[in-house]
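Below is one structure; the comments refer to it alone.
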Amino acid sequence: MNKIMELIGAIFKFSWQAINFIRKLILNVIFFFLLFMVIGIFLISKEAQKPMDYEGALLVDLKGVIVDQTATQNPLGEVGRELLGVSSSQLQENSLFEVVDTLRLASQDPKIKGMVLKLDEFAGADQPSLNYIGKALNEFKKTGKPIFAVSGYYSQPQYYLASYADKIYLTPQGAVGVYGFGFQNLYYKTLLENLKVSTHIFRVGTYKSAVEPLMRNDMSAESREASIRLVHSLWSTYLTQVAENRSITTEDVFPGAKEMIAQLRNADGDNATYALNRKLVDSVSSYAQFEADMTETFQWDKKNQQFNNISIYDYADTLTSSLPANDEGNIAVVVVQGAIIDGESIPGSAGGSTIANQIRQARLDPNIKALVLRVNSPGGSVSASEQIRSEVAAFKQQKKHVVVSMGGLAASGGYWISTPANKIIASPSTLTGSIGIFGVINTFENSLESIGVYTDGVTTSPLAGLSVTNKLPEEFAELLQLNIESGYKTFLNLVAESRKKTPAQIDRIAQGRVWVGIDAKNVGLVDEFGDFDDAIDAVAKMAKIEHPVIDWMKPELSLSEQIIMSLSSNAKALIPDPLQAYIPAPVLKEVKTQTEFYRNMNDPLNRYAYCLSCGDIQ
């Protein structure tokens, strides 16, 4: 018996030692991993401090997407991807304003002799962002420096930027993929019925299509009408600008599907020849020939075995390390990007508390004389939108001026927060409006009943003890509908006061309808067309600021937060999404977009001013 007890004790002792060893091993691995990353950051920062010797072309090799404001800068994440060898081109975000500033500084740099656009890994941006970059490219060209573009295939956003080049190269087996704009939504009505999910929808607005995926299997006639207008307007703007850049007609850029196929057939199906015939490109050449031409223009770098150039990313690093620190800013810029949610901001979403606090800091800062609210958002939570709007109004009450600069998208809640502004400036291709309110609650009592699960209990009133496992009480449905209608009236009144119209006049252009910028200006939702520069100039003039200095209001992460964020981003990069192997990329993207929306919406009263169908027109 004693031997058995000794054996059991030995087993437990061994097991504990093994568990303890594994625990220490895991902690040590994590410790050394973080130490390795910190050392890497130190070495890279040391290397970055060395003056970089460069002369030749600025190689604009943008990777990933262009956004108004990247997620809070996280050097650990970048170093982690470098050390682990993880490709981050599709994960990478580029700040629109940093890109434009870099291009402008390069135009005045005597060591930069020209520019090469190599956009193979550029995933895209909204049209106003592309226009703003194009403006900087034109400024670069006006200094007399040449711009070249090269690719084996130009997607539509890639070609839009390439069209600003003096000379466009295309490889012999390449193509220019300019085919038109469109967008798709997934619809779940039948799926929810099959799953016996009870969907309760409360909305105001004929055109409020954000809830259509839950209540229909296709697009409503009203939504289709508005969407057709949007895509045709954006497509017309795209064709007009590209045609102007290339000194050709819009029909040359895209003659229509049937005519394009006919002309492609005449070219024996050769896309490169078709592009050359249509003057979409200037030269069909191999990369070797392109390199020879660039060598003739920019000379040869013997050390690196390439024509003299510096990547826009390396060039930006040299500027960051060499530029003197700005004086205290006098114009605050607050960026509202992504869905508006309650609480703190998370990557991809704008938290009402975070944004309101940034505006409050600017309001309390005596050096700040004005505010530019940069809005690139489809909206979201009504309570979070109102939290931001009230802070903008409080800023204005301090006799400080506010100008809203709309990006590619400023709809629903994005328009709600814009209402207190002295002036709203948008692009002709900005999507805005979508003035409407809705609420969605799903309950699963029928789903549970089908598998033999039931819910029962007692409450003091039909409004108490609400649960997704119970049928939604009629009294609560009535209460929520009243809240939705009240929210819509509030929205109308805010817009009416802002635009100096009556609520009835606003109601006729509201109803959840999305307006493209050129139409939004015609109906009075936008004051004038312009870009971010125009917004800064306008607010500086209002506030009588002779020398505008921008103060970008954004939160700073602590080292521990950066480390946690780094581990999360690296894990996502290293572990592939299993759904990618089974679901086509466009479908998966749409599923994720809608899933993120429904997951992040956390309005305490279940009221949302959101435009689900506004984004991703391409």
(request) Kindly indicate, with the supporting measurements, whether the criterion side-chain contact (heavy atoms from CB on, under 4.5 Å) is fulfilled by I341 and I346. (result) CA-CA 9 Å; I341 62 174; I346 60 175; 3.9 Å; yes

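- Proximity of a side-chain donor or acceptor of Q127 to a complementary backbone N or O of S429 within less than 3.5 Å is not detected.
- Listed by chain and number, the residues in a side-chain contact (heavy atoms from CB on, under 4.5 Å) with Q387 are S353, A356 (sequence neighbours excluded).
- Taking N138 as the reference, K141, Y164 meet the side-chain contact (heavy atoms from CB on, under 4.5 Å) condition, with sequence neighbours excluded.
- Every residue meeting the ring-ring contact (aromatic ring centres under 6.0 Å, His included) condition with Y160, not counting sequence neighbours, appears here in chain and number order: Y238.
- Listed by first and then second residue, the side chain to side chain donor-acceptor pair (under 3.5 Å) pairs involving residues 396-410 are R374-S405 (not counting sequence neighbours).
- Between V67 and N376 there is no side-chain heavy-atom pair separated by less than 4.5 Å.
- For W416, the ring-ring contact (aromatic ring centres under 6.0 Å, His included) partners at least two apart in sequence or on another chain are F491.
- Between the N493 side chain and the T490 main chain, no donor and acceptor come within less than 3.5 Å of each other.
- In this structure, the side chains of T432 and M406 come closer than 4.5 Å at one or more pairs of heavy atoms.
- With contacts defined as side-chain heavy-atom distances shorter than 4.5 Å, the pair R499/D527 qualifies.
- Here CD1 of I518 is found 8.0 Å from OG of S236. Values are rounded to the nearest 0.5 Å.
- Between the side chain of Q358 and the backbone N or O of V334 there is no donor-acceptor pair closer than 3.5 Å.
- Counting all heavy atoms, side chain and backbone alike, S383 lies closest to D342 at OG-OD2, 2.5 Å.
- With hydrogens and angles disregarded, a donor-acceptor distance shorter than 3.5 Å links the side chain of N94 to the backbone of V65.
- Of the options T354, I359, L373, a side-chain contact (heavy atoms from CB on, under 4.5 Å) to V336 is made by L373 and by none of the others.
- In terms of heavy-atom proximity, I340 sits nearest to A384 at CG2-CB, 3.6 Å.
- Residue R104 qualifies as enclosed at atom CZ: its count of foreign heavy atoms under 6.0 Å is above 12.
- Atoms NZ and CG, on K63 and D120 in that order, are 9.5 Å from each other to the nearest 0.5 Å.
- Residues passing the side-chain hydrogen bond (donor to acceptor under 3.5 Å, both in side chains) test with S390, sequence neighbours excluded: none.
- When the side-chain contact (heavy atoms from CB on, under 4.5 Å) test is applied to V523, the partners found at least two apart in sequence or on another chain are I509, W515, L525.
- Between atom CG of residue D68 and atom CD of residue E93 there is a gap of 10.5 Å, rounded to the nearest 0.5 Å.
- The OG1 atom of T318 sits 15.0 Å away from atom OH of Y313, with the distance rounded to the nearest 0.5 Å.
- Within the structure, salt bridge (Lys or Arg N to Asp or Glu O under 4.0 Å) contacts touching residues 403-418 (residues at least two apart or in different chains) do not occur.
- Interatomic distance, OG1 of T240 versus CG of N245, reported as 10.5 Å (0.5 Å rounding).
- For the pair K501 (side chain) and S498 (backbone), a donor-acceptor distance under 3.5 Å is absent.
- Considering only residues two or more places apart in sequence or on other chains, D109 meets the side-chain contact (heavy atoms from CB on, under 4.5 Å) condition with Y54, K111, I112, Y315.
- Between F140 and L103 the shortest heavy-atom distance is CD1-O, 3.9 Å.
- For the pair I331/I545, a side-chain contact is recorded, criterion being any heavy-atom separation below 4.5 Å from C-beta on.
- Of the charged side-chain nitrogens involved, at least one lies within less than 4.0 Å of a carboxylate oxygen, so that R389 and E386 count as a salt-bridged pair.
- Proximity of a side-chain donor or acceptor of Q158 to a complementary backbone N or O of L119 within less than 3.5 Å is detected.
- Taking both residues in full, the closest heavy atoms of I424 and V526 are given as O-CG1, 3.7 Å, listed atom of the first, atom of the second, then distance.
- You'll find the side chain of V60 stays beyond 4.5 Å of the side chain of V99, heavy atoms only.
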(request) Walk me through it: do F122 and L117 pass the test side-chain contact (heavy atoms from CB on, under 4.5 Å)? (result) CA-CA 10 Å; F122 174 52; L117 300 173; over 6 Å; no

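- Taking all atoms of both residues into account, the shortest heavy-atom contact from S107 to K145 is O-NZ, 3.1 Å.
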(message) Set out, in order, the CA-CA distance, both residues' side-chain angles and the distance that settles side-chain contact (heavy atoms from CB on, under 4.5 Å) for V100 and I133, then state yes or no.
(response) CA-CA 6 Å; V100 169; I133 296 173; 4.2 Å; yes

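- The line from NZ of K118 to CG of L62 is 12.0 Å long, rounded to the nearest 0.5 Å.
- In terms of heavy-atom proximity, R607 sits nearest to G487 at NH1-CA, 3.7 Å.
- Within the structure, no pair that satisfies the salt bridge (Lys or Arg N to Asp or Glu O under 4.0 Å) test touches residues 344-355, not counting sequence neighbours.
- Side-chain atoms of Q511 and D507 form a donor-acceptor pair, as typed in the model, at a separation below 3.5 Å.
- Side-chain atoms of S349 never come within 3.5 Å of backbone atoms of S345 as a donor-acceptor pair (strictly under, hydrogens ignored).
- Among T102, D317, V116, the one residue that satisfies the side-chain contact (heavy atoms from CB on, under 4.5 Å) test with I312 is T102.
- Listed for the N422 side chain is a donor-acceptor partner under 3.5 Å among the backbone atoms of V402.
- With S418 contributing its side chain and G414 its backbone, the two residues share a donor-acceptor pair below 3.5 Å.
- Applying the ring-ring contact (aromatic ring centres under 6.0 Å, His included) rule to Y132 yields no partners; only residues at least two apart in sequence or on another chain are considered.
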(message) Before you tell me yes or no, could you show the steps for E121 and D61 under side-chain contact (heavy atoms from CB on, under 4.5 Å), namely the whole-Å CA-CA distance, both residues' side-chain angles and the distance that decides it to 0.1 Å?
(response) CA-CA 8 Å; E121 296 185 71; D61 51 346; over 6 Å; no

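- By the side-chain hydrogen bond (donor to acceptor under 3.5 Å, both in side chains) test, E497 pairs with no residue at all, sequence neighbours left out.
- Counting heavy atoms from C-beta outward, Y415 and T419 have side chains that approach closer than 4.5 Å.
- Note: F97 and F532 have tilted aromatic rings, judged against thresholds of 30 and 60 degrees for the angle between ring planes.
- Judged by distance alone, with hydrogens and angles left aside, the side-chain atoms of S412 form a donor-acceptor pair with the main-chain N or O of S434 at under 3.5 Å.
- Using modelled atom types and a 3.5 Å distance limit, the side chains of S311 and D314 yield no donor-acceptor pair.
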